[in-house]
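Each chain gets a letter, A, B and so on, in the order the sequences are listed, and its residues count up from 1.
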There are 2 protein chains.
Amino acid sequence: MPLLMLKDLPRYECLLKAAQAHPELDPSAAEVFLHLLRSGDEVFRVVDRHFARHQISEGRFGVLMALWSSAERPGGDGRQALSPAELAEHTGVTRATITGLVDTLERDGLVARSPHVEDRRMRSVSLTPRGSALLRRILPEHFRRMAWLMATLDEQERVTLVRLLGKVLQRASEEVGEGASGSSVAVPLGAAEVVASHSG
Amino acid sequence: MPLLMLKDLPRYECLLKAAQAHPELDPSAAEVFLHLLRSGDEVFRVVDRHFARHQISEGRFGVLMALWSSAERPGGDGRQALSPAELAEHTGVTRATITGLVDTLERDGLVARSPHVEDRRMRSVSLTPRGSALLRRILPEHFRRMAWLMATLDEQERVTLVRLLGKVLQRASEEVGEGASGSSVAVPLGAAEVVASHSG
DNA sequence: CCCCGGTCGTTAGCCCCCTGATCATCTGCT
DNA sequence: AGCAGATGATCAGGGGGCTAACGACCGGGG
């Protein structure tokens, strides 16, 4: 019966028992599902705790990194400026959220807003020296944490994990895609697929 | 240079290039890290979109499921009641957050608060009939979605994925643990471990 | 030339999540 | 008994995410 409770993952026998009451429940699928969410959350917390010491959240880091990488990008002529819409595109949040993030980042002196030269609707958000300095201070430890987290996996295991996660990721992403299978609404959950997964 | 940007995962060669500028960056570790966060997020969105149609968020669902499973639990004498502190324990959020969640759930008639019989500090939160009905309406589709998401993986791949995620999960969780290795603060990122992970 | 659809950034309002403080109550110690 | 500390729930305040709606601005078609 536990399904999205991220704490204390249920034992597999518990899932088996729950599957008796709920024929739609695939115990091994649920187990993978719960492990994926739980480990993703826990891994996120590890880096988030590091960021938090510098008053940086995931969203703030995303904005800073987008500006940083835009400055590093060869074609970008070295400018460290993106429009809020571009930032939203890169970080995967809405433009309204970018407004709020840039508000606080600007308040803290990490980025600066300036009017766009060509299009007067737009604004240019750029990294301040203080913002660059913060990134340079944060990144090495961030990289170390990623390396440390994955240090339990050898090279072969990493390849396997990326491959399996990639399969799940593709599956999860195709839902928001163009609904290729011609299912009813946005949910390609035709009975055939579910049955196939059960009999397979 | 992209690190936590969940959209458009960086190509591996890009990570290799970034690693030249940042010696702390382990490209394959970063690749696994990004895939894990990205796929976890995308999988979460799939079920979250389903919940959203019923005005249910992850937190709300966690509370409802905790009450539901407490009612189903054999030792619990069938009562569908937990204290806010127990709910916080089961769902992994703070008690203050539980207060807010229960506020809105109570407003929507899905749970009810009542004074605790033994301890006048506590309150009993219980599932209303409407709350149970909502769960019964939501769960089958939720189970189908989990099964559908994992239908791309055969049984062997599921076992492998759970095992590898388990290794990472343990690694990520031991940080918040009792600091078994006797490291400095809450971060067992001693230079020894990092070096070991590089040379290993 | 002007208008109309589309895009841009922002605002308003909501939910969820956190920390820290507050107040009520229980419990153990003297 | 009475007080101190622990433990309950809640509130205050903040950040970050969303949708919906707005005013400003661009561009193309009459």
- Can B/Arg158 and A/Ser28 be counted as having a side-chain donor-acceptor contact under 3.5 angstrom?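 Indeed, the side chains of B/Arg158 and A/Ser28 share at least one donor-acceptor pair under 3.5 Å.
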
- When you match A/Arg107 and A/Arg120 each to their closest nucleotide on DNA chain D, which lands nearer the 5' end?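 Looking at DNA chain D, the more 5' nearest nucleotide goes with A/Arg107.
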
- Item | Relative orientation of the end axes in the helix from C/dC1-D/dG30 to C/dT30-D/dA1, expressed as an angle to the nearest 10° (five pairs per end) |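 The value is 10°.
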
- side chain to side chain donor-acceptor pair (under 3.5 Å): pairs with one or both residues in residues 125-139 of chain A, sequence neighbours excluded: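 For residues 125-139 of chain A: none.
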
- Task: Starting at the 5' end of nucleotides 1-11 of chain C, put B wherever the base has a protein heavy atom under 4.0 Å, S where only the sugar-phosphate does, and a dash everywhere else.
- Result: -----BBBBBB

- Query: Tell me: CG of A/Asp48 to C1' of C/dT19, nearest whole Å?
  - Reply: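 The distance from CG of A/Asp48 to C1' of C/dT19 comes to 14 Å, rounded to the nearest Å.
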
- Taken to the nearest whole Å, CG/B/Leu110 to P/C/dC15 is 13 Å

With a 4.5 Å heavy-atom cut-off, do [X] and [Y] have their side chains touching?
| X | Y | result |
| --- | --- | --- |
| B/Leu64 | B/Trp68 | no |
| A/Leu82 | A/Val125 | no |
| B/Pro84 | B/Thr99 | no |

- Mind telling me whether A/Phe51 and A/His142 have parallel, tilted or perpendicular rings, with 30° and 60° as the class edges?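 Judged by the thresholds at 30° and 60°, the geometry between A/His142 and A/Phe51 is tilted.
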
- Query: Hey, where on DNA chain D does chain A first and last touch, going 5' to 3'? Cut-off is any atom under 4.0 Å from a heavy atom.
  - Reply: D/dG15 to D/dC26

- Query: Under a 4.5 Å side-chain heavy-atom rule over Ile, Leu, Val, Met, Phe, Trp and Tyr, are B/Leu25 and B/Leu37 clustered together?
  - Reply: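 Linked, B/Leu25 and B/Leu37 end up in one cluster.
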
- Task: List in chain and number order the residues that pass ring pair (Phe, Tyr, Trp, His ring centres under 6.0 Å) with A/His50, two or more places apart in sequence or in another chain; answer none if no residue qualifies.
- Result: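 Here the qualifying residues are A/His54.
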
- Would you classify B/Thr94 as touching base, sugar-phosphate or nothing, given that sugar-phosphate means primed atoms plus P, OP1 and OP2, and contacts are heavy atoms under 4.0 Å?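 Since a base atom lies under 4.0 Å of B/Thr94, the category is base.
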
- Message: Does anything in residues 95-109 of chain B form a salt bridge (charged side-chain N to carboxylate O under 4.0 Å, His left out)? List the pairs, not counting sequence neighbours.
- Response: B/Arg60-B/Asp108, B/Asp103-B/Arg113, B/Glu106-B/Arg113

- Note on the structure: Paired with A/His35, the side-chain contact (heavy atoms from CB on, under 4.5 Å) test is passed by just one of B/Val168, B/Leu165, B/Leu164, namely B/Leu165

